[in-house]
Amino acid sequence: MTDYSEEQRNELEALESIYPDSFTVLSEKPTTFTITVTSEAGENDETVQTTLKFTYREKYPDETPLYEIVSQENLDDSDVTDIIKLLEQQAEENLGMVMIFTLVSAVQEKLNEIVDQIKTRREEEKKQKEREAEEEEKQRFHGTPVTIENFLNWKAKFDAELLEIKRKKMKEEEQAGKNKLSGKQLFEMDHNLDTSDIQFLEE
């Protein structure tokens, strides 16, 4: 017959020596304790942290321990849900063996992953902002991209403006020199002009 209390006692001693700074016994009947798990330092020495509370059931390790997250730092709700799922899965897989160390190690790995994800997420956000800034810069330099539609709109306006300028010019010319003839028109009207220069030369 399995001596559950013996196995539990041995595991507690082992846990106390493995996690001297983060292991705390809360009560002895039932045996309840917490272990604080901290990730490796991420960018800017940021860490994520969670405190796990375990309670031995009478027939542990043939029954899974009770576990919950009693506090956490820098974790999203989705991360907390993932950690709970991970604990469930690990507890089922290790049924029949003392498993607290395995559970804590799995959570430790998960926290390290989360720190990496935070770093990746920040880098992505930074790249996204840089891309947006570049796009804005391009827009500023390139203006509106030319499509057939907006080119035709522009051309119609441009032609209308050109026509308006020509009309104004013609009106001005008409008013300024209503009876003013061009050199060619004068020449055609007075045939003496074609000999006038020769007269000067002869003299």
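Throughout, residue positions are numbered sequentially from 1 according to the sequence presented.
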Minimum-distance pair of heavy atoms, taken over all atoms of Ser5 and Asp3:
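That closest heavy-atom pairing would be OG-OD1, 3.0 Å.
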At their closest point, which heavy atom of Glu63 faces which heavy atom of Glu58, and how far apart are they?
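Between these two residues, the closest heavy atoms are OE1-N, 3.7 Å.
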List the residues meeting side-chain contact (heavy atoms from CB on, under 4.5 Å) with Asn112, not counting sequence neighbours, and say none if there are none.
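Applying side-chain contact (heavy atoms from CB on, under 4.5 Å) to Asn112 gives Ser39, Glu40, Gln108.
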All N/O donor-acceptor pairs, side-chain side in residues 83-95, below 3.5 Å, sequence neighbours left out:
residue	atom	partner	partner atom	Å
Gln89	NE2	Glu93	OE2	3.2
Asn94	ND2	Gln90	O	2.7

CD of Glu13 to CD of Glu11: how many Å apart, nearest 0.5 Å?
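Between atom CD of Glu13 and atom CD of Glu11 there are 11.5 Å.
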With salt bridge (charged side-chain N to carboxylate O under 4.0 Å, His left out) as the test, would you mind laying out the steps for Glu6 and Arg9 before giving the verdict?
CA-CA 5 Å; Glu6 177 70 19; Arg9 206 167 36 250; 2.7 Å; yes
Are Val70 and Val80 grouped together when hydrophobic residues (ILVMFWY) are joined by side-chain heavy atoms under 4.5 angstrom apart?
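No, because Val70 and Val80 fall into different hydrophobic clusters, even though each may have its own neighbours under 4.5 Å.
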Hey, would you say the Tyr60 and Tyr56 ring centroids sit under 6.0 Å apart?
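Yes; Tyr56 has its ring centre under 6.0 Å from that of Tyr60.
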Can you find a pair of side-chain heavy atoms, one from Leu75 and one from Thr50, that are under 4.5 Å apart?
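Yes; the side chains approach each other to less than 4.5 Å.
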Under 3.5 Å, which donor-acceptor pairs link side chains of residues 24-34 to any protein atom two or more places apart or in another chain?
residue	atom	partner	partner atom	Å
Ser27	OG	Pro30	O	2.7
Ser27	OG	Thr32	OG1	3.4
Thr31	OG1	Glu28	O	3.2
Thr32	OG1	Pro30	O	3.3
Thr32	OG1	Thr55	OG1	3.3

Whether the Thr38 and Thr47 side chains hold a donor-acceptor pair (N or O, under 3.5 Å, no angle test) is what I'd like checked.
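Result is no, nothing qualifies.
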In terms of side-chain heavy atoms, does Glu132 have a donor or acceptor partner in Gln128 at a distance below 3.5 Å?
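Result is yes, a qualifying pair exists.
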